[in-house]
Protein chains: 4
Amino acid sequence: MSKPSKSRAEKFAKDELKSIIERVERLLEEKKAIADDISAVYAEAKANGYDAKALKTIVRMRKEDPNARAEFETILETYMQALGML
Amino acid sequence: MSKPSKSRAEKFAKDELKSIIERVERLLEEKKAIADDISAVYAEAKANGYDAKALKTIVRMRKEDPNARAEFETILETYMQALGML
Amino acid sequence: MSKPSKSRAEKFAKDELKSIIERVERLLEEKKAIADDISAVYAEAKANGYDAKALKTIVRMRKEDPNARAEFETILETYMQALGML
Amino acid sequence: MSKPSKSRAEKFAKDELKSIIERVERLLEEKKAIADDISAVYAEAKANGYDAKALKTIVRMRKEDPNARAEFETILETYMQALGML
DNA sequence: ACTCCAATACTTTAGC
DNA sequence: GCTAAAGTATTGGAGT
């Protein structure tokens, strides 16, 4: 038949959808690659005798506000004291 | 027609499947109820001036092995010291 | 000395804190017991030839609103159609 | 005083630790930037009338093995049939 | 400010 | 036992 099976508008939408999905997929691949790089850094550090869990804790702590952290530590120690954990 | 639409065996399997699903659903409801109770305890504590985040940290710490925790703290402080965080 | 080492108020707060923590711990134990029960149901089902992953999917689906689900399925199929996944 | 406060080896380890931490932090920043890009794509798609949840489902499905998915769907429909969900 | 939801990170479990 | 997948918990962000 001479009539196209899909209208121009439908074709356009189709391409748009495909484009969205593929952009996300490409970004997800990049994100995964970086996550793998991070794992590799920790694995190498571990091989050199570092404690990966402690390294992760350090990274997390450096992101936090120092004042907020200090305050939290104070509360925590108060509770631990009251519970005989110190 | 007089013939039953489902065999006895199929009916049996159907009931078995239904039973499995419903047992899980009942247990999930109970689990949810307990999770809600826990939330309520924290909410009440918060209303009485406690820091919910610190309380959760205490609960987590009490589950851990004290020796392992002490060792972890030591490593952490070594790293913090080296990075000028103390 | 005759003076108590802790004031009455502090002692009270201490007990209150301990009570909060212990209530949470008890509830967490109950929650864990139920989670184990659920695992046991799935393990038994699996031993009887059921697909645990599919069972979990069924349980999840039954929690959802049927209308919302139907609508979602429609959209999903539209997208899949447009991407040649059907 | 003439004696250095830190030995050469300690200084070296310190730099190594700092290097590890900073490499991870740089990678985390890159990872965050990509995550933000992904969010932006979904936000834009949503503004153009797409259902973000369905788009995410499509992305997930395209990562899966088609045969495995088909088989899973078959089992799922068997269960749904048996439970009167179809 | 406070709740609700989505996203991330962690923990645990299942499969190879 | 180890990698990979699920489930769970915590955190950040959006909206009221």
Under 4.0 Å, counting only non-hydrogen atoms across every strand here, what does [X] touch: a base, just sugar-phosphate, or nothing?
{"X": "D:K56", "value": "sugar-phosphate"}
{"X": "A:R60", "value": "sugar-phosphate"}
{"X": "B:K63", "value": "nothing"}
{"X": "C:K31", "value": "sugar-phosphate"}
{"X": "C:A52", "value": "nothing"}

Length of the [atom1]-[atom2] vector between [X] and [N], whole Å:
{"X": "D:L28", "N": "F:dG12", "atom1": "CG", "atom2": "C1'", "answer": "15 Å"}
{"X": "D:I34", "N": "E:dA7", "atom1": "CD1", "atom2": "C1'", "answer": "16 Å"}
{"X": "D:Y42", "N": "E:dA6", "atom1": "OH", "atom2": "P", "answer": "14 Å"}
{"X": "A:K32", "N": "F:dA5", "atom1": "NZ", "atom2": "C1'", "answer": "13 Å"}
{"X": "D:K53", "N": "E:dA6", "atom1": "NZ", "atom2": "P", "answer": "9 Å"}
{"X": "A:L55", "N": "E:dC10", "atom1": "CG", "atom2": "P", "answer": "12 Å"}
{"X": "B:D36", "N": "E:dC4", "atom1": "CG", "atom2": "P", "answer": "12 Å"}
{"X": "C:L27", "N": "F:dA9", "atom1": "CG", "atom2": "P", "answer": "13 Å"}

Donor-acceptor contact below 3.5 Å, side chain C:T78 vs main chain C:T74: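 Yes, the answer is positive, given that a donor and an acceptor are paired below the 3.5 Å cut-off.
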
What's the closest nucleotide to the D:A35 side chain, out of E:dT8, E:dT3, E:dA14?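 Per side-chain heavy atoms of D:A35, the pick is E:dT8.
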
Residues C:R60, C:E64: salt bridge by 4.0 Å N-O rule: no

In plain terms, say whether A:K32 and A:D36 are close enough for a salt bridge, that is, a side-chain N and a carboxylate O under 4.0 Å apart. yes

Closest non-hydrogen atom pair, A:K18 against C:L83: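 In this case the closest contact between A:K18 and C:L83 is CA-CD2, 3.7 Å.
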
Is it true that the side chains of B:Y50 and C:E16 contain a donor and an acceptor less than 3.5 Å apart? yes

